[in-house]
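One structure is given here, and the rest of the page talks about it.
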2 protein chains.
Amino acid sequence: MSQSSKPPKPPTPPSPSPAPVPTSADVARLAGVSRATVSYVLNNAEAVRISEPTRRKVREAAEELGYVPHAAARSLRAGHTRIVLLPTSHVPIGPLYSTFLNELQWALRGLDYTVVQYGSLGLTGDEAARAWAELRPVAVLSLGEIALSAHNVATLKRAGARAVLTMGPQAVPGAHALLMDQAEVGARAAEHLVERGRRRIGVVVPEEEGLGLFSTPRLEGARSVAGAEIVALRMAYSEESAAELAQRWGSLGLDAAFAYNDEYAMLLMRAFQDVGLRVPEDVAVMGADDLLIGRLLRPRLSTVQIEMPTGERLAALVDEAVREPAAAVRRHDLMAAVAVPRDST
Amino acid sequence: MSQSSKPPKPPTPPSPSPAPVPTSADVARLAGVSRATVSYVLNNAEAVRISEPTRRKVREAAEELGYVPHAAARSLRAGHTRIVLLPTSHVPIGPLYSTFLNELQWALRGLDYTVVQYGSLGLTGDEAARAWAELRPVAVLSLGEIALSAHNVATLKRAGARAVLTMGPQAVPGAHALLMDQAEVGARAAEHLVERGRRRIGVVVPEEEGLGLFSTPRLEGARSVAGAEIVALRMAYSEESAAELAQRWGSLGLDAAFAYNDEYAMLLMRAFQDVGLRVPEDVAVMGADDLLIGRLLRPRLSTVQIEMPTGERLAALVDEAVREPAAAVRRHDLMAAVAVPRDST
DNA sequence: TTGAAAGCGTTACCAT
DNA sequence: ATGGTAACGCTTTCAA
């Protein structure tokens with residue numbers, strides 16, 4: 001090997017040969033046709049008629065080379081993507097929510113979108129919006145874990161997003177609002193307890209970080225109910241923390257607990273029983289989310305059932321917003337909450 | 001304000017104007033420099049020295065235009081991406097798993113990867129591999145929900161993937177194997193029950209689709225234990241199904257149940273109690289995953305604790321595989337399972 | 001210190 | 001029925 005004008009390309013220093021990725025040009029060469037023809041065949045272009053022998057040759061060449069088109073090049077050329085960006089934080093919100101997320105993802109795939117879940121924990125609205133915009137998503141569906149400003153929405157739209165949707169308690173200017181006000185949940189719980197004759201209600205606020213977006217509105221919702229006196233109580237998702245709270249319950253002078261959700265409720269109810277408090281005689285306990293496990297304890301747990309939109313419904317909403325971004329930015333009320341009385345209240 | 005050569009920009013007419021996305025050329029024009037300079041400034045190129053005034057001009061122009069670089073164009077030029085592709089199915093596997101997934105995502109972001117979660121439910125290995133390859137991920141981390149063949153791995157590598165990692169019970173040729181054999185779980189459970197003097201064990205197999213990847217190895221693991229007779233029992237995640245199973249339990253002649261995981265175990269245990277069977281006297285019940293809720297029922301649920309790798313650990317493994325794909329494809333044993341005896345056995 | 005230009009992989013128009 | 005070619009937005013030599 002003699003030295004040519006080009007330096008002997010060092011074979012990617014540390015590792016061996018990264019073996020070049022086959023391109024449509026490679027396929028064309030092997031099939032003995034042009035790149036355009038390859039494109040036509042592989043995309044089943046209907047505007048152009050290609051002879052059957054040629055089609056087969058192209059297909060075989062592609063197969064032999066293991067050719068797979070390059071999504072980035074394709075969307076660069078197309079001028080747009082089919083990416084729906086789904087910001088997420090690391091918060092384990094519970095089974096209800098993750099089931100919903102999975103459904104949504106599945107439904108969007110069915111509509112031919114590529115779902116990119118982008119971990120955005122710790123980013124500010126500005127940083128997040130910029131990072132998301134780099135991917136040129138056709139739509140952004142923020143589940144409310146990041147607080148978006150009108151300016152952030154503008155950034156995303158300038159980057160080509162045809163729709164920005166936010167799910168949460170309040171609307172953001174410029175974005176479609178999918179309203180899901182967790183305050184409803186707190187309100188339904190407190191109303192139910194008041195109906196049952198309870199007056200002084202302790203509302204559990206999880207110590208776990210990141211749940212504030214849910215727990216604060218739930219607390220406020222409870223506060224909004226007439227006839228009830230509300231006391232906020234911090235508690236962690238652990239037996240120790242629940243035991244500690246149950247221990248000092250007597251000194252609080254409360255007659256009911258609304259425990260954020262069923263899991264915290266079960267924890268607390270068990271702790272109550274362990275210190276000799278009777279449920280519901282001494283203290284009523286109410287959960288939320290209507291998880292199956294809430295029915296396994298005795299007494300059965302009263303709860304607030306939340307009707308989440310189906311993933312399919314939401315996917316359709318996204319699709320509609322993408323297809324018709326002209327339509328005035330709309331608000332949808334997506335959440336309904338209803339008390340489910342069982343035996344703990 | 002008089003009219004200039006440019007027409008008075010219509011204030012975003014209803015639909016037709018998708019308002020062009022600003023490019024680096026626009027920034028260059030506004031700042032009065034070349035595109036190259038823009039790139040240097042925005043990427044803090046160290047090889048080139050740019051005057052401070054120029055830098056400021058460029059930054060201000062970018063700011064004013066709301067310019068955000070185009071990730072696809074960038075990676076097309078660079079010849080590689082920082083995408084780690086994470087195939088997912090729609091199965092709600094439980095809190096343990098989703099917490100882990102979130103951790104992993106967060107850790108990968110910290111390593112400057114972009115995590116793309118790709119819903120692959122219903123795709124065959126071939127279809128999935130092709131779809132993933134289009135994104136030119138630098139790494140694919142398959143959690144085992146899709147069965148990958150050696151050929152699929154080859155497809156991905158030809159498309160530029162520097163690492164393909166599979167998490168699951170068995171290794172795939174060409175891929176790094178992160179072994180997590182769920183059979184361990186079943187084995188630990190059965191061993192524990194045998195130690196407690198049980199001989200005929202019913203193993204619950206969830207009817208829910210998609211759990212087979214976990215439930216089958218757990219069942220097989222139980223079968224592998226000497227001294228126990230195993231009977232597979234199908235059951236759905238519902239009170240009705242559990243009740244039905246409890247109803248005919250007497251006719252089965254079994255003295256213990258290993259219930260797939262803690263949630264199924266709790267469901268079944270409650271159903272046992274409702275039909276008058278005593279736990280653990282009449283029947284021992286064992287769960288898996290060591291969920292907190294398992295401690296809330298009485299008797300407390302014996303379980304198998306699984307030590308999942310931390311998201312951070314796994315992210316580091318991915319990073320290492322990407323940086324050094326030359327290193328022989330390795331196997332890592334990532335899972336440890338240990339029985340946690342409580343009161344239900 | 002800055003600018004001109006090539007090229008990454010695709011697709012769509014316009015010739016042939 | 002096919003092929004040539006330009007263009008998408010960006011980075012990066014190379015030259016000035």
### Message
I'd like to know if the side chain of A:K157 and the backbone of A:G174 have a donor-acceptor N/O pair within less than 3.5 Å.
### Response
yes
#### Entry: A:D126 and A:R130 ion-paired at < 4.0 Å
no
Taking all non-hydrogen atoms of both residues, which atom of [X] and which atom of [Y] are closest, and how far apart?
X      : Y      : value
B:R82  : B:D112 : NE-O, 3.4 Å
B:L85  : B:Y118 : CD2-CB, 4.1 Å
A:G311 : A:E103 : N-OE1, 2.6 Å
B:T166 : B:A175 : CG2-CB, 4.1 Å

### Query
What nucleic acid atoms does A:I50 come within less than 4.0 Å of, heavy atoms only: base, sugar-phosphate, or nothing?
sugar-phosphate
### Task
Shoot me the first and last contacting nucleotide of DNA chain D against chain B, ordered 5' to 3', at under 4.0 angstrom to non-hydrogen atoms.
D:dG9 to D:dT13
### Message
Heavy-atom nearest nucleotide on DNA chain C for B:S51 versus B:A78: which residue maps closer to 5'?
### Response
B:S51
### Query
Given A:Y67, which of A:L30, A:L42, A:D26 fulfils the side chain to side chain contact (heavy atoms under 4.5 Å, CB included) condition?
A:L42
### Message
Do B:R136 and A:V21 have side chains that approach each other closer than 4.5 Å (heavy atoms only, starting at C-beta)?
### Response
yes
### Query
Which is it for B:E64 and B:E60 under the side-chain contact (heavy atoms from CB on, under 4.5 Å) test, yes or no, and what are the steps along the way?
CA-CA 6 Å; B:E64 181 177 337; B:E60 283 168 2; over 6 Å; no
### Task
Identify, residue by residue, the members of residues 62-75 of chain A with a heavy atom below 4.0 Å from DNA chain C, and return them in order of residue number, or none.
A:Y67, A:V68, A:P69, A:H70, A:A73, A:R74
### Task
In whole angstrom, give the distance that lies between atom CZ of B:R136 and atom P of C:dC8.
14 Å
### Task
Give, ordered by number, those residues of residues 32-44 of chain B having at least one heavy-atom distance below 4.0 Å to an atom of DNA chain D; if nothing qualifies, reply none.
B:R35, B:A36, B:S39, B:Y40, B:N43
### Task
For A:N152 and A:T155, run side-chain hydrogen bond (donor to acceptor under 3.5 Å, both in side chains): C-alpha distance rounded to whole Å, both residues' side-chain angles, the deciding distance at 0.1 Å, then the answer.
CA-CA 5 Å; A:N152 295 331; A:T155 298; 5.1 Å; no
#### Entry: Presence of B:T54 side-chain N/O under 4.0 Å of C:dT1 phosphate oxygens OP1/OP2
no
